[in-house]
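Encoded as structure tokens, the structure appears first; notes follow it.
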Amino acid sequence: ATVEGTGADTVPNAIGSRATPTVVSYGARQRYVGEDAAAQRVTNSANTVEGLPSLLGRRAWSSGGGAEPAITELGGDGVRVSYGGSDLTLANEAVVGAYMAGMVQLARSVHPVAGQEPMLVLAVPSYYTPVQRRALAHAGAIAGGQIAQLCDETVATALFYAHERLRDADQSCSQVS
């Protein structure tokens, strides 16, 4: 979602949907994110990573897709993929960061911000542990954004509802007077 002026808007993806699958796929020359990556599930399953929210801060991960779980050089969990003609072992945070970078790029295409690093407010599932929250913040930094705040999804929903309710109340007051 993006915030512009007094309102927030969920950015539609390439096919116009406001819900984007959390999937990343690595091809011979290109990285695919969201809907494009979901389309790669059949033809490139060995290099497709699904279930990104469950990757962060977890041990002994097994993806729903075909990407092979691996241990990175630093001893962290990751996935083994073939990208750009070479076999790579990517940390889970790097894969989630690639997805988030795709979402930042999508948001910038709709709402261009010249020369500014985007401020990210990330809604986190309430069941995330502190380790998973730190991993998500790290993935946001990999995506090229500055983390302004991490908040629970339930809190984000309540804030959005309150914001919309106050905005609607202001509009109805200004229409009466």
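Note that these values count all heavy atoms, side chains included, but never hydrogens, waters or copies made by symmetry.
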Problem set entry | Value rounded to 0.5 Å, distance of CG in Asn92 from CG in Leu136 | 12.5 Å
Problem set entry | pair Leu150-Arg134: side-chain heavy atoms closer than 4.5 Å | no
Exercise. Partners of Ser82 by side chain to side chain contact (heavy atoms under 4.5 Å, CB included), sequence neighbours excluded?
Worked result: Asn47, Asp87
For this session: Spell out, yes or no, whether Val95 and Leu122 are grouped together once hydrophobic residues are joined by side-chain heavy atoms under 4.5 Å, including indirect joins.
Result: yes
For this session: Determine the minimum heavy-atom distance between Met100 and Gly140, stating which atoms define it.
Result: CE-CA, 3.5 Å
Exercise. Same cluster for Tyr127 and Val96 if Ile/Leu/Val/Met/Phe/Trp/Tyr side chains link at under 4.5 Å?
Worked result: yes
Seminar exercise, completed: Shortest non-hydrogen pair, Met103 vs Val33, comes out as CE-CG1, 3.9 Å
For this session: Grab the two heavy atoms, one from Gly97 and one from Ala143, that are nearest each other, plus how far apart they are.
Result: O-CB, 3.5 Å
Problem set entry | Where Leu52 and Val23 come nearest, the two heavy atoms and their spacing | CD1-N, 4.1 Å
Problem set entry | Atom CD of Gln105: over 12 foreign heavy atoms under 6.0 Å | no
Exercise. Going only through I, L, V, M, F, W and Y residues with side-chain contacts under 4.5 Å, is there a path from Val104 to Leu56?
Worked result: yes
For this session: Determine yes or no for a side-chain-to-main-chain donor-acceptor pair under 3.5 angstrom, with Glu93 supplying the side chain and Ala135 the backbone.
Result: no
Exercise. Between the side chain of Tyr32 and the main-chain N/O of Ala39, is any donor-acceptor distance below 3.5 Å?
Worked result: no
Exercise. According to a 4.5 Å side-chain heavy-atom criterion applied to Ile, Leu, Val, Met, Phe, Trp and Tyr, with indirect links allowed, do Ile142 and Leu90 form part of one hydrophobic cluster?
Worked result: no
Problem set entry | Which atom of Val24 lies closest to which atom of Tyr99, heavy atoms considered | CG2-CB, 3.6 Å
Exercise. Nearest 0.5 Å, what's the CD-OH distance between Gln30 and Tyr83?
Worked result: 8.0 Å
Problem set entry | Heavy-atom closest pair, residues Ser25 and Asn44 | OG-ND2, 3.4 Å
Exercise. Is there side-chain contact between Ser126 and Glu153, with heavy atoms separated by less than 4.5 Å?
Worked result: no
For this session: Could you pull out all residues at least two apart from Arg41 that satisfy salt bridge (charged side-chain N to carboxylate O under 4.0 Å, His left out)?
Result: Glu50
